[in-house]
Amino acid sequence: MMDRSITLILLTLGGIGATYVWRAVGVIFATKITTDSPVFLWVTVVSYAMLGGLIARMIVMPIGPLVEVSLTVRLLSFATGLACFFLTGKRIFPGVIIGVGLFIALQYFYPQI
Amino acid sequence: MTRQRARVGMIVDPSEVSRLACRDAISFPAFTLLFSMIGFGSLVHQSDLPLLMAVALTAGIWGLPGQLTLVEMHVAGASLFFVVLGVALANARFLPMVVSFMPLMPSRSSNVASRFVLAQMLSINSWAAGLRRFPDITPELRRRYYVLFGVICMGSGVLGTVIGFVTVKLVPHEIALGLIFMNPLFFAVLLAGVTSRSAVTALLVGAPLGLFFHAIAPDLDLLLTGAVGGTLAFLIDRRGRSKAL
């Protein structure tokens, strides 16, 4: 029991530290950059590229419990949500609610797909 | 640090900035965080890990992909070293995000230390909100916007984690999965709203590269996507600009 607590504490602190290192290094780099430099634009597009890649991965090749749900359901719900977002004049609420609603409904009513 | 001057039309009233931050945070990000962290809290409970750990992970890591990686790898039996490495790689986006965000929020040079605290509150939500709102807010008040927005988001994220953990038996599994799915979908529509051409290019280049690199080098996928995709988008954008001139 004691061993398990220590493992979990180390795991938690390790996970927090591993994430915070990126933030701290970011703060140090940021002091050397001005908003009008090309490096600043580059770092901004690098962020966008990583976020684009991350979202694609979370949908198509997820880590964690979403693996249980088929790729078809994930893609269909994602595409529907995104389509609703654009069709409603870029409103976030309908996009997210309809996408997530479809995702849940498909699991209930069509568990085979 | 170049001191940006307030332009005409920028918001200079502190209470107006506070109202804007609260409205922007509560209008959607706070709810999405509440719900996606409910999904996370219930996952932690199902993985047989304690509530305190769930809360510490939400507030301490403050990035769902890394949090999911930690729980998933630990449950799969990976050793401490590899779990920590996995979390670090899943959250590498915070480096470019912090670098591209902090200079927008200038501070007195005596105050640089506080940025190490501010950086902890950065998430996709506050990053996207700041990039969208900051041009309309006088530089001196951007910090106020960011802190208020961040505190509301973090508060609802922690609250969601607790709710998800405690009510795990009440939330049907399909809905808990739906709440986790909400996270990438919300990120996608949040970012799909950007209008800057370089950002759109980077998102569209990054998405397929993310899958490609995940297939060939799953550990380094996001770092490679950022470096290769970001540079590619940067060059495409520059070419477009020089042609336009």
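Keep in mind that this is a model prediction, so the values were computed, not measured. Atom set for the values below is all heavy atoms of this structure, side chains included, hydrogens, waters and symmetry mates excluded. Naming: A, B, ... by sequence-line order, numbering from 1 per chain.
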Exercise. Side chain, backbone, both or neither: which part of A:Phe103 has an atom under 4.5 Å from a heavy atom of chain B?
Worked result: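 Looking at A:Phe103, just its side chain touches chain B.
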
For this session: Could you look at A:Phe93 and say if it's the side chain, the backbone, both or neither that has a heavy atom under 4.5 Å from chain B?
Result: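 For A:Phe93, backbone and side chain are both near chain B.
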
With chain A as the partner, which of [options] has the greatest number of non-hydrogen pairs under 4.5 Å?
| options | result |
| --- | --- |
| B:Phe81, B:Trp62, B:Phe31, B:Trp127 | B:Trp127 |
| B:Ala199, B:Ala76, B:Gly66, B:Ser196 | B:Ala199 |
| B:Val205, B:Thr69, B:Leu191, B:Leu224 | B:Leu191 |
| B:Ala233, B:Ala215, B:Ser198, B:Pro50 | B:Ser198 |
| B:Phe213, B:Phe181, B:Phe186, B:Phe35 | B:Phe181 |
| B:Val87, B:Leu179, B:Leu118, B:Leu185 | B:Leu185 |

For this session: Flag yes if more than 12 heavy atoms outside A:Arg91 fall under 6.0 Å of its CZ atom; otherwise flag no.
Result: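 Not buried by this count: 12 neighbours or fewer within 6.0 Å.
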
For this session: Count the heavy atoms belonging to other residues, nucleotides or ligands that lie under 6.0 Å from CZ of A:Phe40, then report whether that count exceeds 12.
Result: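 Atom CZ in A:Phe40 is packed in, count exceeds 12.
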
Does the [X] side chain pair with the main chain of [Y], one donor and one acceptor, at a distance under 3.5 Å?
| X | Y | answer |
| --- | --- | --- |
| A:Tyr20 | B:Ala119 | no |
| A:Arg74 | A:Val69 | yes |
| A:Ser47 | B:Pro96 | yes |

Exercise. Which of the residues A:Val39, A:Ile59, A:Ile104 is involved in the greatest number of heavy-atom pairs with chain B at under 4.5 angstrom?
Worked result: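 Result: the option with the highest number of such pairs is A:Ile104.
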
